[in-house]
Protein chains: 2
Amino acid sequence: MPYRKTPSEVRRLEAAREHLVTCATAVVAEVGWAQTSVTAVADSAGIAAGSVYQHFPSKAALAVEVFRRAAGREVDVLGEVLTGEGDPVERLARGIEVFARRALENRGLAYALLAAPAEAAVGAERLDFRRRYRALFAEVVREGIAAGLLPAQNGEITAAALTGAVGEVLVDPLGAPGGQSSDELLAELTAMALRCAGAAAAPGRSDEP
Amino acid sequence: MPYRKTPSEVRRLEAAREHLVTCATAVVAEVGWAQTSVTAVADSAGIAAGSVYQHFPSKAALAVEVFRRAAGREVDVLGEVLTGEGDPVERLARGIEVFARRALENRGLAYALLAAPAEAAVGAERLDFRRRYRALFAEVVREGIAAGLLPAQNGEITAAALTGAVGEVLVDPLGAPGGQSSDELLAELTAMALRCAGAAAAPGRSDEP
DNA sequence: GGAAGCTCTGAATGATGGTTCACTTCTTTC
DNA sequence: GAAAGAAGTGAACCATCATTCAGAGCTTCC
């Protein structure tokens, strides 16, 4: 048998695949799903269009992989924060801030994950991941209720509102008069989130009427 | 000059155009923008594909018209309620309820207006209309603050959250255990909205912890 | 070096679906 | 009824990509 894949060859191929996914993610973050053609991705990765099909059976499969990786990272980070230190309300506040900050720092990608038009396969993934984001927020809200820190409510709906709010903020810079900074935006967003969940007052601030 | 459009002929053409828009709206509400082909719309209206181009220069132009009509109706209705009778908090509660109720009653259309994947031209319209929805909610929130009924806050962000929340509820039935009814969903949604804006308590309910 | 078997290439292929256009059909006017 | 001109038709056209594939170029092993 005159040829057998050597371990280093296998590694090279895996690296090529990784590189492809990374480049595809960058392209998607840059121009959105709709404008992402196989050729564009291949060019960006420095390979021929046909070579894409050695790593993925179809464009859709590549798209799904891109989505899963990126969305998975966000879910992981958010989960980390929401199940970490502190009481439920503190965790909720930090969770929102982290979720929104990361989204604002990589708007293109966040938009692609949360809202950008995409083919059916990606749409299905998106539903699934939205549910996960929501489930994470909802769990913290439930803990807050159990701890007597939040009023009785449907945590799923509160969670949906929070996800939706971050999404909306992304879709449009909310160019408020005066062009507020990201920090101000984040502060407003977390304050809103706490009100939304019914927390008594924002920690570290006191601007009750 | 052996031919000149008679008034009744003009009316017939306008009616045909209306009919086309109506049918196109139905198709979009049914299958979404992505699955809406010119042929499908033409079939649904009982005309040939080519005839569509006597009323609209392109598929995109028809899509934009469909979107504008439908979204315009929603903005009008919402504006009516939000600038109507009652104090700002009452109006906000009613506005959310009307907005959400209408969306739930015509999910397909609401989804198309708020979230469904669409071509670029429709996407641009959507941004515009989302801004209008938000502006309406934001104005009521500002009035509430001025009236001392709501705490100081960025009304745009609260408004974004409300729009986002309704959208999220649509995207997924939120199949909560026990399969809550639409009415329960609406009640939870308005309660959440009032908390979100910082209103003291939901009118007609008192479930403080 | 050379055979075997792999990866890589990029032009050709094929499917989809918007758009066009030569032609038919209907309306108006005389 | 006949001419003029518009609306309506639907098969053909065309642009856009995802996908394929025959051949070029490597890598491995004897």
Side-chain angles (χ1 to χ4, degrees), chain A residues 1-21 23-24 27-28 30-67 117-123, chain B residues 1-21 23-24 27-28 30-67 117-123:
Chain A
M1 38 173 139
Y3 184 88
R4 172 136 311 185
K5 266 183 206 164
T6 204
S8 88
E9 189 66 359
V10 169
R11 250 179 285 122
R12 189 183 65 79
L13 285 174
E14 272 172 12
R17 196 188 133 109
E18 288 307 298
H19 184 232
L20 179 56
V21 171
C23 290
V27 171
V28 167
E30 178 82 17
V31 303
W33 303 100
Q35 299 294 321
T36 298
S37 67
V38 171
T39 307
V41 170
D43 284 354
S44 144
I47 61 178
S51 302
V52 169
Y53 291 82
Q54 288 195 326
H55 301 290
F56 296 94
S58 69
K59 183 194 182 184
L62 170 57
V64 165
E65 178 77 13
V66 165
F67 187 94
E119 61 212 286
V122 170
Chain B
M1 35 174 139
Y3 182 90
R4 171 137 311 184
K5 266 182 206 165
T6 204
S8 88
E9 188 67 0
V10 170
R11 249 179 287 122
R12 189 182 63 80
L13 285 174
E14 273 171 12
R17 195 186 133 110
E18 288 307 298
H19 184 232
L20 178 56
V21 172
C23 290
V27 173
V28 168
E30 177 82 17
V31 302
W33 303 100
Q35 300 294 321
T36 298
S37 67
V38 170
T39 307
V41 170
D43 283 354
S44 143
I47 61 177
S51 301
V52 169
Y53 292 82
Q54 288 194 326
H55 300 290
F56 296 94
S58 69
K59 184 195 182 185
L62 169 57
V64 165
E65 179 76 13
V66 165
F67 187 95
E119 62 213 286
V122 170

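Letters go in sequence order (proteins before strands), and every chain restarts at 1.
No donor-acceptor pair under 3.5 Å is formed between the side chain of Lys59(B) and the backbone N or O of Val52(B).
With rounding to whole Å, Trp33(B) atom CH2 is found 18 Å from dG17(C) atom C1'. Taking atom CD of Glu14(A) as the reference point, atom P of dT7(C) lies 13 Å away to the nearest angstrom. Regarding Ile47(A), its CD1 atom lies at a distance of 19 Å from the P atom of dG25(D), rounded to whole Å. Atom C1' of nucleotide dG10(D) and atom CG of Asp43(B) are separated by 11 Å, given to the nearest angstrom. Rounded to whole angstrom, the span from the CD atom of Gln35(A) across to the P atom of dT16(D) amounts to 12 Å. Rounded to whole angstrom, the span from the CG atom of Leu20(A) across to the C1' atom of dC8(C) amounts to 13 Å. Atom CD of Glu119(A) is separated from atom P of dT16(D) by 19 Å (rounded to the nearest Å). Rounded to whole Å, the distance from NZ on Lys59(A) to P on dT19(D) is 8 Å.
Within the 4.5 Å cutoff, side-chain heavy atoms of Val10(A) are placed close to those of Glu14(A). Here the side chains of His55(B) and Glu65(B) are not in contact, with every heavy-atom distance at 4.5 Å or above. In this structure, Val38(B) and Tyr53(B) have side chains that are in contact, with non-hydrogen atoms separated by less than 4.5 Å.
Listed nucleotides: dT20(C), dA7(D), dT20(D). Nearest to the side chain of Arg12(B): dA7(D). Taking only side-chain atoms of Ser37(A), from C-beta outward, the nucleotide of dA18(D), dT7(C), dG8(D) with the closest atom is dA18(D). You'll find that the side chain of Tyr53(A) is closest to dA18(D), out of dA18(D), dT9(D), dT9(C). Across dG8(D), dG18(C), dC8(C), the shortest atom-to-atom separation from the side chain of Ser51(A) is found for dC8(C). Comparing dT9(C), dG8(D), dT19(D) against the side chain of Val38(A) picks out dT19(D) as the nearest. When the nucleotides dT9(D), dT19(D), dT7(C) are ranked by their closest atom to the side chain of Leu13(A), dT7(C) comes out on top.
By the neighbour-count criterion of 12 heavy atoms within 6.0 Å, atom CD of Glu30(B) is sparsely surrounded, having that number or fewer from other residues, nucleotides or ligands.
Between Gln54(B) and dA6(D), a side-chain N or O to OP1/OP2 separation shorter than 4.0 Å is absent.
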